[in-house]
4 protein chains.
Amino acid sequence: MPELLTTTDTVRGRILASAIQLFVDQGYHVTTIPDIVASSKTSIGAVYHHFSSKEELARELHQQVIQEFMRQAEESVLPLASAKDRIRAYVDLLFSLTEKDSYFVAYLLHARPRVVVDDNLTVCSREGIEVTNHIIADGKAKGELRDEDDRILCGVISGIIMRLVDLRLDGLIVEPLPTLADKTTDSIWRAVRA
Amino acid sequence: MPELLTTTDTVRGRILASAIQLFVDQGYHVTTIPDIVASSKTSIGAVYHHFSSKEELARELHQQVIQEFMRQAEESVLPLASAKDRIRAYVDLLFSLTEKDSYFVAYLLHARPRVVVDDNLTVCSREGIEVTNHIIADGKAKGELRDEDDRILCGVISGIIMRLVDLRLDGLIVEPLPTLADKTTDSIWRAVRA
Amino acid sequence: MPELLTTTDTVRGRILASAIQLFVDQGYHVTTIPDIVASSKTSIGAVYHHFSSKEELARELHQQVIQEFMRQAEESVLPLASAKDRIRAYVDLLFSLTEKDSYFVAYLLHARPRVVVDDNLTVCSREGIEVTNHIIADGKAKGELRDEDDRILCGVISGIIMRLVDLRLDGLIVEPLPTLADKTTDSIWRAVRA
Amino acid sequence: MPELLTTTDTVRGRILASAIQLFVDQGYHVTTIPDIVASSKTSIGAVYHHFSSKEELARELHQQVIQEFMRQAEESVLPLASAKDRIRAYVDLLFSLTEKDSYFVAYLLHARPRVVVDDNLTVCSREGIEVTNHIIADGKAKGELRDEDDRILCGVISGIIMRLVDLRLDGLIVEPLPTLADKTTDSIWRAVRA
DNA sequence: AATGAATGAGGGTTCATTCAT
DNA sequence: CATGAATGAACCCTCATTCAT
């Protein structure tokens with residue numbers, strides 16, 4: 001499982017890589033510092049040398065996830081010209097991320113560490129919405145998308161993608177998601193095209 | 001907020017009602033027995049009189065949620081004849097539940113207490129899938145739905161509904177969901193109809 | 001060693017009795033909750049059931065010491081009429097307390113738990129001063145004490161008494177202090193009489 | 001605040017100067033090596049290069065305090081001929097030290113680091129007593145002091161001086177102590193003269 | 001001589017659970 | 001049935017100390 005976020009070369013990187021996996025698998029509160037220490041093959045002291053507290057570690061991790069997600073979206077989705085291309089690219093992005101680093105995507109979809117985010121939103125519900133709304137606004141302006149309530153269009157685009165990712169993460173879809181990218185994009189398009 | 005599950009007349013009911021709210025708001029592990037005692041205005045002894053342990057309380061709650069959800073689905077969704085009616089009924093069910101008891105729906109969508117469910121699936125990913133798959137299988141057999149990969153159709157139907165519920169729960173949609181039921185059903189239908 | 005403060009009948013009492021001894025012997029910071037648990041023959045949980053934290057336990061103890069000290073002073077010293085009688089009573093009080101409960105007196109003289117008192121004064125330097133100053137003001141008004149700087153008189157009275165208590169506590173005086181009460185009072189009187 | 005003990009020119013000096021201040025302000029156990037490092041503007045490595053452990057650092061400091069105190073007493077108090085002169089010189093010594101380096105005097109009066117001194121005596125109760133007892137023995141032999149119990153005389157002389165120093169250190173006397181030296185000596189003398 | 005990353009024992013504290021009343 | 005005082009394992013975190021650089 002390649003690590004999107006951190007290198008395992010450094011102690012700090014190993015701790016962050018262990019933390020995201022454990023936070024996703026067990027949740028923030030169930031994950032103990034000893035868990036992280038065992039998984040990252042470091043020591044209690046090393047963890048506290050690099051992060052002032054467990055909360056601070058979670059905050060740092062959360063910021064890195066957001067930053068990496070936005071970087072990828074800005075690089076592969078937003079530059080495209082048409083709404084359909086952008087939707088396709090967004091599907092491709094999340095589907096390929098799912099296969100490349102399922103912990104990263106699981107974190108995007110589900111993590112809402114209340115110690116980190118006070119509005120209790122997941123990355124997908126806060127930063128992900130920005131991407132979707134941008135696709136919708138632009139697509140409507142160009143007449144590519146039908147004149148539907150924004151929230152409905154947002155629910156359609158992000159809901160279908162996220163649900164398929166979830167089914168894959170939960171093991172209810174066993175084949176790699178990119179093989180379903182065409183069909184997924186087609187279904188979304190049927191629901192949102194002008 | 002009417003309680004779908006339990007009556008607050010009985011001690012046992014008050015405990016379960018407090019538990020689902022606290023579990024949803026804070027998570028199972030952060031919720032302490034003292035929290036539940038304070039919220040339900042009972043006593044430690046009373047909790048342990050009615051439930052053998054915190055885990056058992058969580059298990060009991062989970063079973064009640066599943067049972068109530070399936071009861072409602074079997075009552076309002078499955079009896080209907082056409083795929084479109086069933087989809088509409090499913091939308092109506094989840095949207096009205098969201099307004100009636102947001103804790104109940106939040107539990108359906110997000111709760112995966114590892115102490116209770118070992119496959120780590122939410123009620124929506126386990127029991128909800130059954131409902132969706134039933135709609136799909138029947139709708140395909142009758143030629144009402146297009147001949148698409150089942151997992152795509154499942155993702156479309158459940159994904160759009162769940163995403164809109166989530167946006168409402170997260171405060172990103174402020175109006176009551178039932179006002180969006182028509183448009184939601186329409187969007188789903190565009191994506192899945194034959 | 002009779003306990004001036006607390007009864008050892010109750011768990012709470014045993015904890016406080018152990019705490020004052022350990023705080024005096026080792027200091028607040030070196031004294032651990034396990035130390036207190038072992039000495040009071042209770043349990044960690046019992047300590048935290050009765051006191052919300054180690055700091056709160058220290059605060060509670062400090063207040064009890066102050067209250068008991070002031071009660072004794074108000075009962076045995078202040079009611080007396082002449083300055084000489086009061087000085088004699090103050091000597092008697094501290095000397096007899098020293099033999100009765102050396103931990104109590106050692107706490108009076110030396111304890112300055114910064115977690116409890118922000119001005120960093122011992123009970124003797126805060127509450128004890130009140131008693132001494134009262135003796136001085138009244139004795140001067142009646143012409144029994146010589147017209148000397150108040151701080152000098154305060155230093156003489158409290159300094160001589162406290163130093164002898166300290167020498168006894170440190171084992172540099174081995175006989176019971178009350179046998180030295182006459183001579184001590186005489187020396188103080190020579191320095192302060194009109 | 002001139003440093004009586006150590007020069008801040010050397011790393012070793014800066015460490016010792018920081019240590020005495022921190023030990024007096026917070027106590028030995030609350031003072032951490034990082035505290036000392038920050039205050040002395042050195043590094044962890046430097047501290048452990050110069051001292052084998054925190055205990056060893058405390059021991060070294062304690063020895064320097066004792067040595068400096070005895071040096072000053074032997075230089076300014078003991079050479080004098082009469083008891084009254086010696087008492088006056090002792091008062092002057094402690095009062096001027098208090099103004100010159102309050103940390104040094106506070107250490108003399110209060111520090112009893114159990115890691116350093118196993119009999120749990122302060123410098124004033126161990127080395128200070130020697131000075132006082134010398135004054136008493138000699139003054140009695142010469143008939144300058146009255147024939148009173150040695151411990152009483154010791155309590156009078158050291159008690160009055162130490163108490164005034166304490167009141168000054170605690171901020172309850174705000175003017176420089178040397179202005180009270182005459183009156184202090186006079187009061188002591190009234191209590192001890194033949 | 002100097003540095004500071006790494007170590008882990010041991011601190012204060014929480015909380016599920018028990019049981020005498 | 002109901003209560004809450006008592007228990008102790010296990011949490012997060014601190015800090016004296018080591019050692020490679």
Side-chain angles (χ1 to χ4, degrees), chain A residues 10-12 14-15 28-38 40-58 115, chain B residues 10-12 15 28-38 41-58 115, chain C residues 10-12 14-15 28-37 40-58 115, chain D residues 10-12 15 28-38 40-58 115:
Chain A
T10 64
V11 171
R12 187 186 178 83
R14 289 212 307 281
I15 292 170
Y28 171 81
H29 285 101
V30 185
T31 300
T32 68
I33 298 291
D35 285 344
I36 295 173
V37 165
S40 62
K41 297 194 187 314
T42 56
S43 67
I44 296 175
V47 171
Y48 283 94
H49 184 73
H50 289 284
F51 305 94
S52 62
S53 68
K54 188 182 166 189
E55 266 193 45
E56 178 60 29
L57 165 55
V115 279
Chain B
T10 65
V11 170
R12 184 186 180 83
I15 293 170
Y28 171 80
H29 284 99
V30 183
T31 301
T32 67
I33 299 290
D35 284 345
I36 296 173
V37 165
K41 299 193 189 312
T42 55
S43 66
I44 295 178
V47 171
Y48 279 92
H49 180 74
H50 289 286
F51 305 95
S52 63
S53 69
K54 188 182 167 189
E55 267 192 45
E56 178 59 29
L57 165 55
V115 281
Chain C
T10 65
V11 171
R12 187 186 177 83
R14 289 212 306 282
I15 292 169
Y28 172 80
H29 285 101
V30 184
T31 300
T32 69
I33 298 291
D35 285 345
I36 295 173
V37 165
S40 62
K41 298 196 186 312
T42 56
S43 66
I44 295 175
V47 171
Y48 282 93
H49 183 73
H50 288 284
F51 304 94
S52 61
S53 67
K54 188 183 166 189
E55 266 193 45
E56 178 59 29
L57 165 55
V115 279
Chain D
T10 65
V11 170
R12 185 187 180 83
I15 292 170
Y28 170 81
H29 285 99
V30 183
T31 301
T32 68
I33 299 289
D35 284 345
I36 296 173
V37 165
S40 62
K41 298 192 188 315
T42 55
S43 67
I44 295 177
V47 171
Y48 279 92
H49 180 73
H50 289 287
F51 305 94
S52 63
S53 69
K54 188 183 167 188
E55 268 192 43
E56 178 59 29
L57 164 55
V115 281

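So that the names make sense, note that chain A is the first sequence line, chain B the second, and so on, each numbered from 1.
Nearest-nucleotide assignment on DNA chain F puts the 5′-proximal partner with C:V47, out of A:H29 and C:V47. Nearest-nucleotide assignment on DNA chain E puts the 5′-proximal partner with D:G45, out of A:A46 and D:G45. The nearest heavy atom of DNA chain E to C:T32 and to D:S43 marks one nucleotide each, and the one closer to the 5' end goes with D:S43. Where D:K54 and A:E55 each meet DNA chain F at their nearest nucleotide, the meeting point lying more 5' is that of A:E55.
One can place CZ of A:R12 at 11 Å from P of E:dA6, the figure rounded to the nearest angstrom. Whole-Å rounding puts the B:L57 CG to E:dC15 P distance at 16 Å. For D:F51 and E:dA1, the CZ to P distance is 13 Å, given to the nearest whole Å. A straight line from CD1 of C:I33 to C1' of F:dC12 spans 16 Å, rounded to a whole angstrom. One can place CD1 of B:I15 at 11 Å from C1' of F:dA2, the figure rounded to the nearest angstrom. B:I36 places its CD1 atom 12 Å from the P atom of E:dC15, with the value rounded to the nearest Å. Between the CD1 atom of C:I44 and the C1' atom of E:dG10 there is a distance of 12 Å, given to the nearest Å.
Between A:H29 and A:K54, the shortest heavy-atom contact is O-NZ, 3.9 Å. Residues B:H50 and B:R12 approach most closely at O-NH1, 3.4 Å, considering heavy atoms. Residue A:I15 comes nearest to A:I36 through the heavy atom pair CG2-CG2, 4.0 Å, listed as atom of the first residue, atom of the second, then distance. Nearest heavy-atom pair, C:V30 versus C:D35, reported as atom, atom and distance to 0.1 Å: O-OD2, 3.7 Å.
When heavy atoms are screened at a 4.0 angstrom cut-off, D:T31 is found touching the sugar-phosphate backbone but no base atom. Contacts of C:H49 with the nucleic acid, taken as non-hydrogen atoms under 4.0 Å apart, include base atoms. Heavy atoms of B:H50 sit under 4.0 angstrom from primed sugar atoms or phosphate atoms, though from no base atom. C:T10 comes within contact range of no nucleotide atom at all, as no heavy-atom separation falls under 4.0 Å.
Looking at heavy atoms from C-beta onward, D:Y28 lies in side-chain contact with D:E55 at the 4.5 angstrom threshold.
Among E:dT7, F:dC11, F:dT17, the nucleotide with an atom closest to any side-chain atom of D:S53 is F:dT17.
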Report summary line: Pairing string of DNA chain F (Watson-Crick or G-U wobble, both atom distances under 3.5 Å; | = paired to other strand) is .||||||||||||||||||||

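For B:Y48 and E:dT17, the shortest distance from a side-chain N or O to OP1 or OP2 is below 4.0 Å.
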